[in-house]
Protein chains: 2
Amino acid sequence: MNEFAKPTLDDVARAAGVSTATVSRCLNAPDRVIATTRERVMQAIETLGYTPDFGGRALASRRTNTVGAIIPTMDNAIFARGLQSFQEALSRFGKTLLVASSGYSPAREREQMEVMASRGVDGLLLIGSARPEASVEFLRRRGIPFLGAWNLGGEDGYFVGFDNRAAAAGLTEKVLAKGHRRLAMIAGITEMNDRAADRMEGVRAAAERAGIPADELPVIEAAYTFDEGAKAFGNLMALAPRPTAVLCGNDVLAVGAMQKARELGLRVPEDVSITGFDDIDLAGVVDPKLTTVRVPHNRMGEAAAEMLIRLINKEQVERRIEIPTAIVERGTLGPPTPDPAT
Amino acid sequence: MNEFAKPTLDDVARAAGVSTATVSRCLNAPDRVIATTRERVMQAIETLGYTPDFGGRALASRRTNTVGAIIPTMDNAIFARGLQSFQEALSRFGKTLLVASSGYSPAREREQMEVMASRGVDGLLLIGSARPEASVEFLRRRGIPFLGAWNLGGEDGYFVGFDNRAAAAGLTEKVLAKGHRRLAMIAGITEMNDRAADRMEGVRAAAERAGIPADELPVIEAAYTFDEGAKAFGNLMALAPRPTAVLCGNDVLAVGAMQKARELGLRVPEDVSITGFDDIDLAGVVDPKLTTVRVPHNRMGEAAAEMLIRLINKEQVERRIEIPTAIVERGTLGPPTPDPAT
DNA sequence: TGATTTGATGTAAGCGCTTACACTCGATTT
DNA sequence: AAATCGAGTGTAAGCGCTTACATCAAATCA
């Protein structure tokens, strides 16, 4: 063989004086080869610097040991963190991660599904459950096991994630318990984003249980940036009566709101309480520190990897795994200041 | 063909009444097939729901249209952002991204290189230039084009990144121009991390040019966390004489330092100036806003993708592309307060 | 008009691997 | 001692695709 050509199974077999089948077995089922032979083969692999060819292997075995993930964007600490853990866990199972991003567009997600499918991924990680039925159907027809992550999904399918609705409701109850009655919410964009929608619903439900009807709970949807959060907060503060607590759909919006509050000369939490969601690093850094909901994305990433591997291996799998969240009380939630008019 | 089996090229060929070669050409070189035939083939592809098999294609064409990236971790806004842009750009060229993480370990990076190699990636994105020669040699032998990103590397190889050294020096000059003489630095861990090392050197060089010898410039290396930054800052503030300006190797350390300053009752920038590096979102959110160096990671990601594609296509490529950085003056850098003792 | 070129398509040989099946040979059973 | 077994290994048939080369008909030329 040419010194610089990539060595093949044949080269190894020849060098070790065995057949290609034996070399293949050394790699895939070492215990089906007697120790002495195996050593000889391994030695040959080592000296030749052989690594199996992916194409050949994929073609012959009908397996790729590749897992895909289609996420809205990595440019978001939440997904980046989860994906990192997912990838690490996958790597422990000898799988490699193929990533694609949808930019929150269902059409683009579908395209990427086709890319993943034609790459023969063994399984696929998706975010959430809000997607056209046709996309789901596509994966089913192709027989690609897939998983919705970051939330708990709907009727069918497998999920590993958080109960965003319950967590949001829990936080809302905490706010109500402080004595707040005039709540407002800055939600993430809910269209095709079930996490944002669930959080909004959770807040609404808790408020309603406390006797606050939906029409007395102003909600503004805002994109995932500080500026949008700030803008929404400004609009909310212009309302009469002014809300005493603003629940935000995520920490980014909450921090944007905090900036705006400072700009408006409003003290947090004396003049207005603000809460976030996700507990990103930022939450512990702003002043005062943000009261929020901890969402352990890294644990989720790991759990997702394990679940997907089981799905791929056709092992028994629970339909959904809930990763518990926790309310983190820090400095931005306090009791409302008694209305000066009273 | 079985209704549920994945259709193959053969199925398409039969359905369209042409040979497999023609179908293949329709997919890979449409202009080498006459329009009427092509339409018939495309129609068949459509109705059968055919997607080419990756393994077969990779095996036959010796190309995978896959690009790998081995980064320290995605769990770091800097890399996540760059990677996102890289992936998007790649996707526009019809390439898919395979990601792996090294956790800052050269050994692990090497392992991942082998994984990437055996997957037949067409090209590889690496971070920085600090790695054992053997790793580089491995890629060369395999003939895998690769690229160092995020810095400008050394003697040979291709790079797209920033001149961390010059940028750090520039910022240091700005600090000196404010009148500071007692500088200190909290650097990132420099071992096997050329970005951190370059930044440290840049600060040292600028200080020396201003007549401040290295031994009068205390430097503490700290891991990429708020806490480590805070701890290092605490140590620095215990020094006598106390530094009046602390240059940090990245924004995370700087924000940690700011927190510690508040804790210690030190005002920023009145009592002590603090600067960062990277201009992550966080930098614009802390109070006062952080003076730092803007490092456009998304532009870098795109440039890296383009360069790697050219490398893969064996087109003419510049050896290094420098992405310009910019100093962002915000609130944490001010003139030193005159020493009360003077 | 016959010779030559050109463009569209078909034929078939692999690409590197896995795996069903066949084979060998010593150990065990009858 | 013959029959049976099983562990270790080899043989060889593909897996689905690309592509060099062959073929053929139509277009062009002399």
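Numbers restart at 1 for each chain; the letters A, B, ... are given by sequence-line order, proteins then strands. Model, not experiment: these values are computed from the prediction.
Counted by atom type alone, Arg119(B) and Thr66(B) present zero donor-acceptor pairs between their side chains at under 3.5 Å.
Minimum atom distance to the side chain of Asn28(B) is reached by dT18(D), of the listed dT18(D), dC17(D), dT18(C). Listed nucleotides: dG8(D), dC17(C), dG16(C). Nearest to the side chain of Pro52(A): dC17(C). Which of dT9(C), dC17(D), dC15(C) sits closest to the side chain of Leu9(B) comes down to dC17(D). Picking from dC17(C), dT9(C), dT18(C) the nucleotide with the shortest atom distance to the side chain of Ser61(A) gives dT18(C).
Regarding Leu27(A), its CG atom lies at a distance of 9 Å from the P atom of dC17(C), rounded to whole Å. The CG-P distance, from Asp53(B) to dG16(C), rounds to 17 Å in whole Å. Atom-to-atom, CZ of Phe54(B) to C1' of dC15(C) comes out at 14 Å; the value is rounded to the nearest Å. We find that CD1 of Ile34(A) is positioned 11 Å from P of dA7(D), with the value rounded to whole Å.
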Enumerate all atom pairs, one protein N or O and one N or O from nucleotides 10-13 of chain D, separated by less than 3.5 Å.
from: dG10(D); atom 1: OP2; to: Ser19(A); atom 2: N; distance (Å): 2.9
from: dG10(D); atom 1: OP2; to: Ser19(A); atom 2: OG; distance (Å): 3.1
from: dG10(D); atom 1: OP2; to: Thr22(A); atom 2: OG1; distance (Å): 2.7
from: dG10(D); atom 1: N7; to: Arg25(A); atom 2: NH2; distance (Å): 2.9
from: dG10(D); atom 1: O6; to: Arg25(A); atom 2: NH1; distance (Å): 3.3

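For Arg195(A) against Pro72(A), the heavy-atom pair with the smallest separation is NH2-CG, 4.3 Å. Among all heavy-atom pairs drawn from Gly68(B) and Met116(B), the shortest one is CA-SD, 3.8 Å.
Taking only side-chain nitrogens and oxygens, Ser24(B) comes nearer than 4.0 Å to OP1 or OP2 of dT18(D). Residue Arg32(B) places none of its side-chain N or O atoms closer than 4.0 Å to OP1 or OP2 of dT19(D).
A salt bridge does not link Arg299(A) with Glu302(A): none of the charged nitrogens is closer than 4.0 Å to a carboxylate oxygen. A salt bridge links Asp53(B) with Lys6(B): the closest approach of a Lys/Arg side-chain nitrogen to an acidic carboxylate oxygen falls below 4.0 angstrom.
A cation-pi arrangement, defined by a distance under 6.0 Å to the six-membered ring centre and an angle within 45 degrees of its axis, is present between Arg110(B) and Phe138(B).
Within the 4.0 angstrom heavy-atom criterion, only backbone atoms of the sugar-phosphate kind lie near Arg63(B); the bases stay farther away.
Among Leu308(A), Ile71(A), Val99(A), the one residue that satisfies the side chain to side chain contact (heavy atoms under 4.5 Å, CB included) test with Phe86(A) is Leu308(A).
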